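Small disclaimer: the values here were computed from a predicted structure and weren't measured.
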Amino acid sequence: MSRAASRCAISAGGYQDESERKLRETVTRQRQTIKEQQAAIEELRHRVTQLTLAAAVLTQMEATPPPPRPVPDNVILLRPAP
């Protein structure tokens, strides 16, 4: 029996076509899942970068001392005295 004849015999029973169809559907679903996961990973990498930069800015702001506050007895004239 040739390959084509055995394939037709199996196909007639529906075994190869059905299992091949299921396999192709599974592969298609898995490829879609992989694409979605890769997109999610890329988004997470972007967010990590943003959060790292934000943390660096906050750390820099904490490291820089604020300007000294004016002492209450230190008067700043808004207009020159007449």
Side-chain angles (χ1 to χ4, degrees):
M1 185 182 272
S2 70
R3 257 183 134 179
S6 66
R7 188 175 224 179
C8 289
I10 293 173
S11 294
Y15 299 117
Q16 185 171 356
D17 288 339
E18 183 65 22
S19 59
E20 184 177 345
R21 182 185 62 78
K22 286 182 180 181
L23 181 61
R24 288 182 186 276
E25 287 176 358
T26 301
V27 169
T28 302
R29 280 194 313 270
Q30 288 178 344
R31 284 184 178 164
Q32 183 63 31
T33 301
I34 290 170
K35 285 180 185 178
E36 290 170 0
Q37 289 176 345
Q38 286 173 337
I41 289 170
E42 191 60 35
E43 174 64 25
L44 288 172
R45 284 181 179 154
H46 182 69
R47 286 185 181 183
V48 165
T49 301
Q50 288 179 327
L51 289 172
T52 302
L53 291 173
V57 168
L58 290 174
T59 303
Q60 183 65 31
M61 289 173 62
E62 289 175 358
T64 307
R69 291 187 174 180
V71 181
D73 64 340
N74 187 4
V75 179
I76 300 174
L77 297 176
L78 299 177
R79 295 184 210 163

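Of the candidates Thr28, Thr33, Val27, Arg31 forms a side-chain contact (heavy atoms from CB on, under 4.5 Å) with just one, namely Val27.
Partners of Gln38 by side-chain contact (heavy atoms from CB on, under 4.5 Å), not counting sequence neighbours, listed by chain and number: Ile34.
Counting only residues at least two apart or in different chains, side-chain hydrogen bond (donor to acceptor under 3.5 Å, both in side chains) contacts with residues 48-59 comprise His46-Gln50.
One finds no salt bridge joining Lys22 and Glu25 here, because no Lys/Arg side-chain nitrogen approaches an Asp/Glu carboxylate oxygen to under 4.0 Å.
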